[in-house]
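Here the structure is laid out as structure tokens; the discussion comes afterwards.
The analysis underlying the following values was restricted to heavy atoms, covering all of them including side chains, and did not include hydrogens, waters or symmetry mates. Counting from 1, the numbers follow the sequence of the chain as shown. Order of listing sets the numbers, starting from 1, for every ligand and every atom in it.
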Amino acid sequence: MRILHLADLHLGWLPHSLGPRAEERQRERDSLLSRAVDWVLAARGADMVIIAGDLFETHRPPAALAQRVVADLDRLVQAGVPVITVPGNHDEITYHDSVYRQYGPRWPGVLIRDPMPVHAATLTIKGVPVHIYGLAYTGGLTQTNPPIKNFPRLEADGLHIAVFHGSLDWDAGDRSLPLESAALLKARYDYVALGHIHQHQVHRIGNGLAVYPGMVEGKTFSDPGVGYFTVAVLGPGPARVETVPAGARAVRVVEMDVTACLELAEIEGRLAGAADREAIVQIRLTGAAPERLPLAQWQERLAPGFYHLEIVDDTVALDSGVVDAWAEEPTVRGQFVRRIKAALAQAADADERRLLQKALRYGLAALEGQAL
Ligand SMILES: [Mn+2]
């Protein structure tokens, strides 16, 4: 049995920092669920779909978006693919105007709305009974302190699957559900479908697995997404997890040490070498720079080579005025600069001077505490 396990899609999120491309990227991100449903139906990629919270960025998404999501989930249900949905903490059910209260029983498939863990449904998939458990985190009603110790579990044949949006063995301290693996162990679930943490994580709990699929389409450079769908494969034998490329847009941070570059043109050449028209890229320049970097100019010239480019300057400034001032210091740095300057004054040729200039940059960057 194959289960497409989704969580943290955060549909409706607007990527403000992308400027002119913000709305285009928002539409693209928001189409992820449609693409997932297309894949399930076309490739028969899964026998069931689980959404473990934060399907939406907020509890009150735009009506058109909510309608499209409901229509997509309906396509699965109509095709005989069961859908299980658990609200998260971004799209919290707590509020009266929460999208999940608005749709209520009209939500396609099984929508878990209970604030404390319940046995929500038993489905038959490929002739196997599948018992579904879960809860919908509800402020003031869901027990968080101390964390829930007793989770339901039927004494019945078949697969036992729990769905939670929360923090496994980690007190996030925020508005979220703490989950203890020791308590989950007692319930002997075959698979615990989790959401909340945006990285892909697979934990073994007894004979079962507890899995965070991760956010598929990234948001920001610190929340870049995993780029793939997570499919749980359950059946005879131990549970396992497969990942399937989701055609997500790459969001990545590239660190570039420019210490060896003695001229600006060399740095610009390196920046151009990182071009990728499909990717959202942040390039962090580190090390020692030969002079003040013309970031705005580079940004304008190089941006067309990327879907979106952001250049961040984390370099240590190294113009001759600064170096001369440092040479006067009664410090280790001053001693280092004095020695290099003395060597420069006696250098035999241009090659040696170049080498000493590089040594000066590497040394000063190291003394500034930058890893090289
Ligand atoms: Mn989330």
With a 4.5 Å heavy-atom cut-off, do D8 and H165 have their side chains touching?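 They are in side-chain contact.
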
Short N/O/S contact of H10 with the Mn ion (ligand 1) (below 2.8 Å):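 A backbone or side-chain N, O or S atom of H10 is under 2.8 Å from the Mn ion (ligand 1).
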
When you measure from the Mn ion (ligand 1) to the N, O or S atoms of H90, does any of those distances fall below 2.8 Å?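 Not a single backbone or side-chain N, O or S atom of H90 is under 2.8 Å from the Mn ion (ligand 1).
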
Option passing side chain to side chain donor-acceptor pair (under 3.5 Å) with S31 (candidates R29, R35, E28):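 Testing each of R29, R35, E28 against S31, the sole residue satisfying side chain to side chain donor-acceptor pair (under 3.5 Å) is R35.
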
Whether the R333 and Q335 side chains hold a donor-acceptor pair (N or O, under 3.5 Å, no angle test) is what I'd like checked.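 No.
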
For the residue pair R153 and H160, confirm or rule out a side-chain donor-acceptor distance under 3.5 Å.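 Yes, a side-chain donor-acceptor pair sits under 3.5 Å.
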
Atom of [X] nearest the Mn ion (ligand 1) (restricted to N/O/S, atom name only):
{"X": "H198", "answer": "NE2"}
{"X": "D8", "answer": "OD1"}
{"X": "D54", "answer": "OD2"}

Do R101's NZ or CZ and the ring of Y95 fall within the cation-pi criteria of under 6.0 Å and 45°?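 R101 over Y95 ring: no.
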
